[in-house]
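Here is how names work: the chains are called A, B, and so on, in the same order as the sequence lines, proteins then strands, and each is numbered from 1. Computation of the quantities below employed the complete heavy-atom set of this structure, encompassing side-chain atoms and omitting hydrogens, waters and symmetry-equivalent molecules.
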2 protein chains.
Amino acid sequence: MLNRLSKYIKNLANKKRATLKDIANVLNISPAAVSKAMHDDSRISDKTKQAVKRVAKELNYQPNHIASALRKGKSNLVGVIVPRTNSNFFSSVLENMEAVLNKAGYNIIITQSNESFEKECKNIDTLLYSQVDGIIASMANETVDLSHYEKIKANGIPLILFDRGENDLNVDYVGINDYDSSHVIVKHLVDKGCKRIAHIGGYRRTRIFNNRIRGYVDALKTNNLPIDDTLIVESSLRLEDGRREMEHLLKLKNRPDAVYVASDYAALGALQVLNENDINVPKDIRLVGFGNEPFTSLVTPSISSIEQHSKDIGRLAAETFLKHIAQPEIKQTLNKIILDAELIIRDSST
Amino acid sequence: MLNRLSKYIKNLANKKRATLKDIANVLNISPAAVSKAMHDDSRISDKTKQAVKRVAKELNYQPNHIASALRKGKSNLVGVIVPRTNSNFFSSVLENMEAVLNKAGYNIIITQSNESFEKECKNIDTLLYSQVDGIIASMANETVDLSHYEKIKANGIPLILFDRGENDLNVDYVGINDYDSSHVIVKHLVDKGCKRIAHIGGYRRTRIFNNRIRGYVDALKTNNLPIDDTLIVESSLRLEDGRREMEHLLKLKNRPDAVYVASDYAALGALQVLNENDINVPKDIRLVGFGNEPFTSLVTPSISSIEQHSKDIGRLAAETFLKHIAQPEIKQTLNKIILDAELIIRDSST
DNA sequence: TATATTTGCTTAATCGATTAAGCAAATATA
DNA sequence: TATATTTGCTTAATCGATTAAGCAAATATA
């Protein structure tokens with residue numbers, strides 16, 4: 001046996017990787033016995049187990065996950081689709097998602113849609129080809145047609161959405177409460193004595209921005225404030241959109257005394273315009289952003305913002321996937337996990 | 001044949017996924033012929049190809065990449081290891097890397113080391129188990145021992161390092177020229193009339209920070225400026241480190257007239273201290289950071305910084321991998337691609 | 001017309017790991 | 001001592017796709 005072993009070790013340089021069969025040959029037993037020994041099957045003797053493990057180490061054996069995936073019909077891969085990774089929110093979600101899934105023996109394949117419907121379709125195809133055991137996704141802004149997501153459901157693997165979801169799909173969802181966030185912000189500003197609160201929002205056709213606008217309008221009603229359509233604007237919420245809309249709001253006869261911006265980037269643009277016009281923030285106009293991007297605490301004055309709990313969202317989305325895997329009999333139904341948003345109050349609104 | 005087809009379509013609900021065999025059964029030909037037809041083999045008639053493709057569509061056939069990977073000994077997966085995704089630099093690298101690899105039919109598995117040596121070892125094991133066709137990595141700060149990277153080379157798959165590399169490994173590397181970057185920065189500050197240039201750097205034990213310090217010292221010599229050890233400090237380069245070291249520099253009898261900080265976060269901390277002490281930037285003290293983080297253009301005054309060409313690094317690392325795959329006969333040798341760093345001049349140093 | 005070549009497939013093995021079924025030897029139980 | 005059970009393996013099939021080898025029919029060439 002020692003001869004066989006040393007022969008095999010010599011061949012290591014030539015051979016690619018050791019397989020179960022190689023170990024079996026060294027020990028003169030069947031590959032089936034080796035497989036069982038590696039998995040500590042109770043019907044294999046301790047003596048054999050020890051021998052197998054020793055030889056496995058000696059040959060630097062590494063199991064071929066692809067072969068095992070094919071046989072078991074399980075790849076231990078989870079596909080993830082995000083609009084982009086180049087954002088603090090999404091990269092933080094991914095980080096925590098990965099941590100949870102890794103612990104459970106899963107790896108993730110990350111793909112980006114770049115907010116494009118077409119790319120999103122391609123990503124789904126790619127992930128299905130790769131035989132992923134499930135898909136966790138946040139929808140692109142462009143996406144309206146949902147047939148490609150139905151394809152995932154038709155494949156019989158779990159689909160979990162986060163942040164950007166869609167009720168019609170009837171799948172699990174993890175996200176924050178956009179509607180309530182607006183209430184928290186408006187209440188905070190009212191408490192500070194604000195009476196004319198403007199809202200620089202996103203486009204209503206995107207669910208999350210629509211919810212923020214609805215929340216804003218309802219919160220004004222709740223606080224007995226009039227609704228003034230000139231104080232509600234829709235935009236793409238980039239930095240320059242924030243600048244343009246803030247300049248516009250400053251030209252109004254009756255200026256607002258607070259601005260709630262639905263994105264931190266646009267909020268920063270608004271802040272730049274306010275600073276340039278020597279308008280004191282927060283004394284003259286109070287400002288609140290959304291997303292708690294790192295720079296909100298770095299600029300002067302620091303910007304109050306909504307923390308989206310990216311860590312929890314990543315963790316919960318991963319755990320939801322694992323729950324489905326553990327109990328495959330449970331049919332996928334609409335099961336929403338909505339996290340309470342948290343307002344981080346900084347200098348711009350104190 | 002129509003009967004067979006409709007039978008199969010009916011079974012779709014029960015059956016998981018259609019396979020080559022299913023298509024073969026419908027058309028009453030062999031699975032081998034179906035495989036060849038799908039790949040447009042010249043020895044298959046057009047009639048059969050059309051029939052196969054029609055039935056494939058009808059049955060919603062999706063090739064099982066795992067089976068094909070096992071047979072072909074090629075997973076079309078590339079493993080990537082980054083210290084973290086939660087950084088503008090790394091997420092941008094990943095984005096561009098993915099774009100190039102996707103086009104070539106590869107998917108990427110992203111793992112994070114969190115700057116931990118132990119996690120990095122685990123990541124490598126995971127990726128090797130997954131039978132990746134290659135690994136692209138940026139080393140954790142903690143990593144000194146390189147045996148786990150040798151394991152990748154022993155496996156016979158290409159290894160490409162970027163940003164954080166190591167000469168001893170003798171593998172391809174893509175990164176910027178840290179040493180030259182320091183020269184560019186020092187020259188810029190000298191051109192602006194600065195005579196006492198301080199350097200808040202990282203720890204010398206990390207290769208890239210060591211290179212930046214060496215570059216700074218040599219550039220001072222080149223410009224006939226004296227080297228003053230009180231103006232060189234090493235730190236972890238977080239925001240609070242920048243604050244502390246800047247406060248320290250301000251207490252010197254002979255204050256610097258410029259500060260070159262080896263990270264944007266520390267540079268921001270330094271800027272905050274300067275602003276708080278009513279020191280005019282750039283008039284009294286000029287400031288330059290490193291990394292071109294998005295916030296450098298957002299703060300007041302905006303911070304000059306070094307663009308690390310994350311897009312190019314991602315693209316080049318991916319292309320280097322593809323080159324190795326295309327020409328497997330080429331032995332892996334030390335092949336460095338060093339990009340010229342670009343100084344983005346902003347208000348803090350004009 | 002006789003032979004050579006091409007076309008269009010089939011057959012059978014393979015990539016590694018896993019598992020149901022089964023068998024002989026060892027041990028336990030009646 | 002005779003039968004039942006347990007232990008420790010082996011045999012053989014399987015997961016889907018791919019491919020080398022081969023064969024018969026069709027077509028081309030001499």
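Between B:Gln131 and A:His65, the side chains place no donor N or O within less than 3.5 Å of an acceptor N or O (distance only, hydrogens not considered). Counted by atom type alone, A:Ser147 and A:Asp145 present one or more donor-acceptor pairs between their side chains at under 3.5 Å. Defined by atom type and a distance below 3.5 Å, a donor-acceptor pair is present between the side-chain atoms of A:Asn76 and A:Lys74.
Under a 4.0 Å N-O distance rule, the pair B:Glu95/A:Arg84 does not qualify as a salt bridge. Of the charged side-chain nitrogens involved, none lies within less than 4.0 Å of a carboxylate oxygen, so that A:Asp125 and A:Lys122 do not count as a salt-bridged pair.
Nearest to the side-chain atoms of A:Lys36 among the listed nucleotides C:dT18, C:dA21, D:dA21 stands C:dA21. Distances were taken from every side-chain heavy atom of B:Arg71 (C-beta onward) to each of D:dT10, D:dG8, C:dC15; the shortest belongs to C:dC15. Taking only side-chain atoms of B:Ala32, from C-beta outward, the nucleotide of C:dT18, C:dA12, D:dG16 with the closest atom is C:dA12.
When both pairing distances are held under 3.5 Å, C:dT14 makes a Watson-Crick or G-U pair with D:dA17. Using the Watson-Crick or G-U wobble rule with both distances under 3.5 Å, C:dG22 pairs with D:dC9. Within the shown strands, C:dT1 is the pairing partner of D:dA30 under the Watson-Crick or G-U definition, both distances less than 3.5 Å.
At a threshold of 4.0 angstrom between heavy atoms, the contacts of B:His39 are confined to the sugar-phosphate backbone, with no base atom among them. At the heavy-atom level, A:Ser30 lies under 4.0 Å from base atoms of the strands shown. Among the atoms of the strands shown, only primed sugar atoms or phosphate atoms (P, OP1, OP2) are found under 4.0 Å from some heavy atom of A:Ile29.
Put simply, A:Ser35 has no side-chain N or O that comes within less than 4.0 Å of OP1 or OP2 on C:dA17.
Residues B:Ser42 and B:Ala67 both approach DNA chain C. Their nearest nucleotides, taken by heavy-atom distance, put B:Ser42 toward the 5′ side. For the pair B:His65 and A:Thr48, nearest-nucleotide mapping onto DNA chain D gives the more 5' position to A:Thr48. Across the interface with DNA chain C, nearest-nucleotide mapping of A:Arg43 and A:Met38 shows A:Met38 to be the residue nearer the 5′ end.
Note: CD1 (B:Ile23) to C1' (D:dA17) measures 11 Å, nearest angstrom. When the C1' atom of C:dT14 is taken as reference, atom NZ of A:Lys21 falls 9 Å away, rounded to whole Å.
The base of D:dT14 does not come close enough to the side chain of A:Lys72 for any donor and acceptor atom to sit less than 3.5 Å apart.
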